[in-house]
Amino acid sequence: MLSGHRPTRPSNVRDTFIFVLRRAEVPKNAPIDCDSNQRIAKSASMSFHILHLLLFLTSVRLCLSDEHSMESVPDLQNSMYLVVDGYPCIRLLNLSGEIGCSNPGREKVVVPMINFKDADEILQPSAILVSMDDISSFFARLQDDSNFASNVGGVLIKPGTEIQKRTKGFSPAQKFPQAKFAPYQKIDYEWNPIGSGVMWNQYNFPVFLISESSISPVQEAASKNVKDKKIYTSNVAEFDLVMQTTKAGTRNSMSCLKEETCLPLGGYSVWSSLPPINISSDKSKPIILTVASMDSASFFRDKSIGADSPISGLIALLAAVDALSHVDGLDDLHKQLVFVVFTGESWGYLGSRRFLLELDLQSDSVSGLNNTLIDTVFEIGSVGKKSNDGFGNFFAHMTEVSSSKNETWNALKLAQESLPFENIKVSPASTTNPGIPPSSLMAFLAKNSQVSGVVLEDFDTSFTNQFYQSHLDDLHNINSSAIEAAALLVARTLYILATNKKELSSSALNAIKLNTSLVEELIGCLLNCDPGLSCELVKRYISPTNVCPNHYVGVILDEPSSTPYPGYVHDVSRFAWNFLADRTSIRKENTSSVCSQNCDDKSEVCIGAETGKGTCVVSTTRYVPAYSTRLTFDSGSWNVLPLNASDPMGAVDPVWTESNWNTIGLRMYTVQATAYDRFVLLGGITTTILSYFAIVAVRGSIMKALKKD
C-alpha cells in the first residue's frame, strides 16, 4: 500500500473476506511469493463459498418469512398459540364438600391431546377429546378404570348438537333432582330417568365444552397426535382453571366463606301485581300467586340455557301477563293476581325459600304482600315440548287440598274449552306419582302443607325433556306453538280463578288474546345469541352486559337489598323487572314524568332507567334477594347461620357457593418432545466443539504454510 493513498474498499462479500484474511494473516514486511498467494487464495475461496452458502440460505429464509412477518409481541403469540373458545366446568362448594372441576393445583395444566376413541391405553396425563355420543362411556370408564382416571389431565367435550336429532338424550342431573327437598318420602322416584348425575361429582382436572367455532382445529390437532406418534412434536392443550378454593385449601362453603375464597350462589327474584296493590288500603284480597323460574343449571357454567326447563315457563308467564294486562275491569276482580319469577331454584330453591322468609320478616322487598292471603299457587313449569298428537298436551300436578284442587282443575278445564285450538289437551297427572315433581311449589308445601297449588308441566310421570339441565336444552329443544298454547291457557285460567263465578262470561274470557309475536320475540331474546339480549324488546328497558343469554344463577356480589345496584343484578332479572313493571302498570294521564333512577311517589317505579329514557309509572314491582336462608351478610362478609326450627328446609340446605378465580382460559400449541430437546442440545454442544477444533486445525495449517514460505 502506497503512502498517501487511501486503502481500496472491497466491493463485495468475497473481496471483503479475502481482504480481511490477508490483513490478518500476512506479517508486515514478510516476503511474498506466488505459490503462497495461491494457497492462501485457495483457502479463502473455499471459506468464501461456505459463507456465501450460509448467507444465501439465510436470505431465502428471510424472504419466505416476509409473508408472515411479525411486528409485535401479540403477533408472535398469535402465531404460536391458538386460543380455544369454550365453556368451563367450574368448582362449586357446599357444607359437605365440593363438586365440579378445577386444576389439581396452583399451576396451569399442559398435556397432549388425544381422542377418547384412540385412548385404549394412555401412559401419560392427557387431554381427552370426547364426543357427546361417547360422553356416557367416558364417565363410566372414569369410574371403573383407575389407571385411565389417573392419566386424565383434562377433558375437551365436543358440542354435540347433532345428538338432539336422535332419540338418545343426555342429562347430567340426578334422576330425582333435589330429592331432599321433596315433601314426600319416596325420594328414589325417577322423574328424570335419563339423568346420570355426573355434574354433581368432583373432578380434580379441568373440563371444557368446546364451541362450534373451535372444534375443527382441536379435532385436527388431537388426530395428528395419533397419526404422528414418531414425530418429535406434540399438540398440547393448556388449561388455566385454577380455583382460589383449591389454592387456599378451603374445601367447603363454611371454610371458603370464612377465608373469602368463594361467594354464595344467588341473585334477585322479581314479583309484580296486576293491578298494582294499594298498600294504604285496608281492604285486602286473596292472592293467586303465579310463579315461574328464570335460572337453569348445567355441567358448564356459562352454557346454562334451560330452554324447556324452565325458560319455556318463564316465557309463558310473561306472555300471560301481557295478555291479561289488556283486559278491562281488573280492579273489580275478587282475587289479586301476583306474578313471581324466581332465581336460584336449581340450587336448593334459593328464590322461593328466601321469598317465603322475607314474607315472614315483612321486609321492604315484599311490601304489600301477606303470607296468609295466598289462596293458590299456580306454577308454570316446562311447557315447551311438542306432543305426538298435537302441540299442547299438558298435565296438572296438584296438591292434595281437595276443595281448592277441584276449583283449580275446573278452571283449567273451562279455560281449555274456551281456547280457539282443538289440539290443546289438559289432563290431571297420574295418581301413581309420589306427589308433585321438582318445583318451587315444594318450598311452599314445606312452609304450609295445606297450601293449594298446581304445577303445569308438559310431562306426566317423568320428564319428556331428554336434555334436562344440559347445554343441549336450547332453542332447538322447544316448540313455540306449545308455549303459546300454555300462555293463553294460563291467562284464561287465572282470570277464571280471580273472577266471581256469577260474573264470568264467555265474551270476557274470549277477549283474552295472546300476542304470538311477543312469544316469538321472547324466544329470540332469551334463548338465542342472534339477536339475544341485544333484541329491541330487551334494549327498550335495559342495557345488557351480554348478548348471548345464559341462565346460570350467578353469585351475590354485595349486601342483599330490595333496591340493588343494577350492575349487580343479572340481565334477565333486570329485564323481567322492567317488563313486569311496564305490563302491570298504570300510567298517569297528562304527565311526562322522566326518571333516571327513582320516582317521587312511593307507589311509582322508574322503568327503562338504564336507557336514559326512564318513565315513572304506578306499579307494584319489587326485587327480592335470592340466596340461602342459612346465610347472613354482616360487616362485609358472609356467615353461615345455625339451624333454625322454623326453616324446615334449612336442615337439608347445601348452602351452595362458587369458588373465586383470577382467570379462566384454554389454548393449544405445539411443543417438541423432551427427548428431541435433549438431542438438539447434545447436537449443538457437539457441533460447537467440533467447530472449535476445525477452526484451530485450519488456522494451524495456514500458519504452517506461511512459515514454510
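- With sequence neighbours excluded, no residue satisfies side-chain hydrogen bond (donor to acceptor under 3.5 Å, both in side chains) with Asp302.
- A donor atom on one side chain and an acceptor atom on the other are not found under 3.5 Å apart for Ser365 and Ser562.
- Taking the six-membered ring where the residue is Trp, Phe575 and Phe579 present tilted rings, their angle falling between 30° and 60°.
- Counting only residues at least two apart or in different chains, side-chain hydrogen bond (donor to acceptor under 3.5 Å, both in side chains) contacts with residues 540-549 comprise Tyr541-Asp582, Tyr541-Arg583, Thr545-Asp571.
- Between Phe444 and Phe342, the ring planes lie tilted relative to each other; the angle falls in the 30° to 60° range.
- Shown here for Glu379 and Ser439, the closest heavy-atom pair between the two residues is OE1-CB, 3.4 Å.
- Remark: Asp332 pairs with no residue by the side-chain hydrogen bond (donor to acceptor under 3.5 Å, both in side chains) rule, at least two apart or across chains.
- Between the side chains of Ser352 and Glu345, a donor-acceptor pair is found at a separation under 3.5 Å.
- Heavy-atom contacts from other residues, nucleotides or ligands closer than 6.0 Å to CG of Asn500 number more than 12.
- Between Ile523 and the options Leu518, Asn528, Ile483, a side-chain contact (heavy atoms from CB on, under 4.5 Å) holds for only Ile483.
- Not less than 2.5 angstrom separates the SG atom of Cys616 from that of Cys595.
- In this structure, Tyr623 has no side-chain hydrogen bond (donor to acceptor under 3.5 Å, both in side chains) partners at least two apart in sequence or on a different chain.
- The side chain to side chain contact (heavy atoms under 4.5 Å, CB included) search around Ser272 returns Leu580, Thr584, Ser619, Thr621, not counting sequence neighbours.
- Looking at Cys606, Ser585, Pro276 one by one, the single match for side-chain contact (heavy atoms from CB on, under 4.5 Å) with Val617 turns out to be Ser585.
- A donor-acceptor pair shorter than 3.5 Å can be found between the side chains of Ser346 and Asp295.
- The two residues Leu356 and Ala443 have their closest heavy-atom pair at CD1-O, 3.5 Å.
- In this structure Ser480 satisfies the side-chain hydrogen bond (donor to acceptor under 3.5 Å, both in side chains) test together with Glu520, sequence neighbours excluded.
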